[in-house]
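What follows is a single structure, written as structure tokens, with notes after it.
In what follows, chains carry the letters A, B, and so on, assigned in the order in which the sequence lines appear, proteins first and then strands, with residues in each chain numbered from 1.
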Amino acid sequence: MPEPVIVDRVTKRFAGHTAVDSLSLSVPSGIIYGLLGPNGAGKTTALRMIMDIYEPDSGSVRLFDTVAGGRDHSERIGYLPEERGLYQKMRVLDVLIFLAEVKGVSRRMARVQALEWLDKLGLSDWRLRKVSDLSKGMQQKVAFISTVLHDPELVILDEPFSGLDPVNSQVMRETVLDYRRRGKTVLFSTHIMEHAEKLCDRLCIIARGKKLIDGSLTEVKRTHGGQHVIVAFDGSQGNAPQIFADRRLVAKIQDFGQQAELELAPGADPQEILKGLVTSGARLARFELASPSLHKIFVDLVGPEAATAAATGGENRA
Amino acid sequence: MHKVWAIIRREFVERVRTKWFWVSAVLGPVLFAGIIVFQIVQSLGGGARNVAVVDSSTGGLGRRVVEALETSGSFRASLVPAHAGVMDSLRDVVESKRLNGFLIVSNDLVETGRAEYHATSLGMQTIENLQRSLGRLVVKERLEQKGVNPGVVDWAQIRVALDQRKITRTGTVSESAAQSFLMAYLMAILLFMAILLYGVNVMSSVLEEKTTRIIEVLVSSVRPFQLMLGKILGAGSVSFFQFVIWGVSARVLLLLRNPIARALGADPSAVQMTLPHIPAATLAVFVAFFLGGFLLYSAMFAAVGAMSSNEQEARQAQQPVTYLLMISYLSILGLTNDPNSTFARTLSLVPFTTPIATPVRWTAGSMPTWELVASLVILGTAIVGVTWVAARIYRVGILMTGKRPNLKELMRWVRA
């Protein structure tokens with residue numbers, strides 16, 4: 001089966017800055033692909049070029065092995081932008097039917113599917129109410145239904161977890177996994193690494209419009225790993241800070257207070273650290289050999305200042 | 001095409017569902033019914049009225065006044081000799097509605113032209129009829145006092161009735177100047193209101209999609225031009241639907257005017273309906289220029305909506321477009337007074353004023369067919385050009401957030 005999305009050296013400039021700089025990536029069929037990066041990295045711009053909303057200044061996008069853009073394939077693609085708007089004054093069912101029709105689905109089909117989905121997500125009673133009567137969470141669900149209503153082969157989600165409460169977040173995660181199970185392809189962007197780590201088969205990290213790394217999750221971890229140890233304390237930390245400061249054992253540390261992630265120095269033996277911690281009187285809740293977390297790799301790659309920006313900054317640009 | 005159709009339908013259905021659509025849909029026929037009822041009531045008011053004539057003259061003038069009022073057909077008059085307390089007793093009769101009013105005449109009527117009329121309601125039609133009848137009588141009395149033959153007096157008082165006929169392309173029809181003036185004026189106001197209201201509708205609909213950010217989903221499925229086109233056609237069909245409702249209800253009310261007259265207790269044949277006759281050609285010109293004007297202006301309004309990011313900005317940005325439309329609205333009087341002046345001709349050849357100026361000129365007077373064709377061609381060309389520019393602004397603008405672009409940036413959008 002051809003790869004649903006192939007992006008070949010696309011560049012997009014806006015007045016003053018380059019949002020996406022010669023980005024290439026390919027999304028194989030039937031997997032979950034994560035596009036990761038801090039805010040302002042160019043994720044949204046990249047997705048918009050894939051969706052044919054923006055035209056690249058150079059480079060090309062191929063969808064389902066054709067040169068036609070996202071618009072011509074709208075029937076096969078479900079796209080959920082970061083800001084999920086709905087017509088506030090329309091009835092819920094009418095909005096869903098309209099958005100499906102615009103994608104090229106027949107009116108009758110759209111109606112059947114919309115009613116089915118509303119039922120599935122517990123919104124049946126709201127189908128004839130105005131969108132503005134719905135709570136924010138319910139509106140999120142409606143926006144999500146409109147993305148998947150036409151049972152697309154490829155789902156593109158821009159920051160799908162932003163603004164979701166834990167329950168809706170869970171629904172979203174399950175739906176994404178369900179999509180892969182059914183052999184569909186999911187491409188989503190996020191700046192929250194925990195989500196990516198739990199979901200992605202393959203990923204691509206970008207910053208300032210440029211690709212830093214891509215590949216399968218295990219590949220990325222292997223090439224950017226080194227050996228890691230996660231230590232969690234249960235009360236007393238004993239002499240731990242001193243042991244962590246020993247550069248012969250620990251190359252880098254990310255200290256979270258009650259928990260720390262250590263990157264071992266080359267050739268260091270984790271058993272030695274364990275022994276040292278126990279003899280120093282530290283009470284351990286957890287001592288685990290691990291591959292590095294995606295968050296660590298991300299911070300290493302984009303630099304701490306970008307990672308902090310990811311936590312606080314807004315994404316305001318044309 | 002299926003996608004554009006979906007957009008047109010949404011635009012249409014959502015607008016027609018609003019309260020405001022039905023308020024104005026109902027308001028039109030109500031106004032029209034009001035006009036009909038007004039005319040019927042007026043004709044009722046012109047019907048025979050019961051009046052008493054109190055004669056305090058010395059030469060039997062009262063009897064001749066009664067005769068004059070009776071022959072006018074508008075009054076049933078009876079003579080009451082003047083005596084003390086006559087005023088009070090007559091006032092009671094008027095108040096009990098057995099009499100519409102009473103007239104007091106004395107020698108003064110012929111000498112200085114004075115008389116008194118007392119009534120509970122002083123209808124304009126009644127007063128006018130009274131004055132006309134009394135005026136004729138007074139002229140006759142005075143001339144006879146000077147020895148003029150009564151036959152000569154009657155002949156001298158025959159008034160001039162000007163039969164007005166308007167020359168049109170399809171032949172001569174009888175229609176008064178007031179009627180075609182009224183038609184042209186009415187048309188201009190209708191055109192102005194419809195283009196402005198529904199153009200602004202397009203703008204706010206564009207703005208809604210932009211501010212709710214639903215635009216991004218839409219543009220990932222349809223081309224911006226398809227979206228703009230669908231919006232304009234959707235809003236256009238709503239206004240057309242509005243006109244159809246008004247037209248059909250006007251037609252039905254016209255057919256029902258006799259039953260209405262009877263229900264109001266008037267004789268249908270006596271009711272004078274001064275409703276202008278609308279030739280098919282005029283209707284066609286009206287429709288063509290309404291559609292053209294709407295397309296021209298709503299494309300501009302769509303661009304305005306796309307370049308603004310909130311209602312307030314849009315209100316400011318729409319002003320130049322509104323002024324453009326206002327020029328022709330403010331020129332209506334000039335247009336109707338002299339439909340063939342250089343001023344009027346110029347306005348009907350400028351694309352932004354022609355949607356209103358041309359139908360007005362056509363209705364108010366005879367406009368050469370070649371000029372009509374020329375202004376249609378100019379309008380058509382302008383629609384293509386303006387839509388092209390608007391679509392380019394729209395395409396870039398709908399995805400922009402932040403500050404409104406200045407003229408230089410707009411130019412760049414258009415060239416991009």
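Atom CD of A:Glu55 has 12 or fewer heavy atoms from other residues, nucleotides or ligands within 6.0 Å. Counting heavy-atom neighbours within 6.0 Å of A:Met109 CE, excluding the residue itself, gives a total of 12 or less. By the neighbour-count criterion of 12 heavy atoms within 6.0 Å, atom CZ of A:Arg182 is densely surrounded, having more than that number from other residues, nucleotides or ligands. Annotation: B:Arg17, atom CZ; neighbour count of heavy atoms from other residues, nucleotides and ligands within 6.0 Å is above 12. Surrounding CZ of A:Phe161 are more than 12 heavy atoms belonging to other residues, nucleotides or ligands, all under 6.0 Å away. The environment of A:Arg111 atom CZ is sparse: at most 12 non-hydrogen atoms of other residues, nucleotides or ligands sit within 6.0 angstrom.
Of the atoms belonging to B:Gln226, not a single heavy atom falls under 4.5 Å from chain A. For A:Val105, the part lying near chain B is the backbone, with the side chain staying farther off; criterion is any non-hydrogen pair under 4.5 Å. Using a 4.5 Å cut-off between heavy atoms, A:Leu99 touches chain B through its side chain atoms alone.
Atoms CZ and OG1, on A:Arg84 and B:Thr212 in that order, are 14.0 Å from each other to the nearest 0.5 Å. Atom OG of B:Ser221 sits about 6.5 Å away from atom CE of A:Met51, to the nearest 0.5 Å. Summarising the geometry, atom CD1 belonging to B:Ile214 is positioned 9.0 Å from atom CD belonging to A:Gln88; distances are rounded to the nearest 0.5 Å. With values rounded to the nearest 0.5 angstrom, B:Ser220 atom OG is found 12.5 Å from A:Ile50 atom CD1.
Classification of B:Arg10 and A:Glu101 as a salt-bridged pair fails, no side-chain N sitting under 4.0 Å from a carboxylate O. By the 4.0 Å N-to-carboxylate-O rule, A:Arg48 lies close enough to B:Glu216 to be salt-bridged with it.
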**OP:** Starting from the C-alpha separation in whole Å, work towards a yes-or-no answer on side-chain contact (heavy atoms from CB on, under 4.5 Å) for A:Phe98 and B:Leu218.
**Re:** CA-CA 10 Å; A:Phe98 170 68; B:Leu218 294 179; 3.8 Å; yes

**OP:** Please assess A:Lys89 against B:Thr18 for the test side chain to side chain donor-acceptor pair (under 3.5 Å), listing each intermediate value before the final yes or no.
**Re:** CA-CA 10 Å; A:Lys89 288 176 216 143; B:Thr18 59; over 6 Å; no

Subject >> Intermediate values then yes/no, side-chain contact (heavy atoms from CB on, under 4.5 Å), A:Arg71 and B:Lys3 >> reply: CA-CA 11 Å; A:Arg71 250 194 297 267; B:Lys3 294 176 175 182; 5.5 Å; no

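In terms of heavy-atom pairs under 4.5 angstrom with chain A, the leader among B:Glu208, B:Glu209, B:Arg395, B:Arg223 is B:Arg223.
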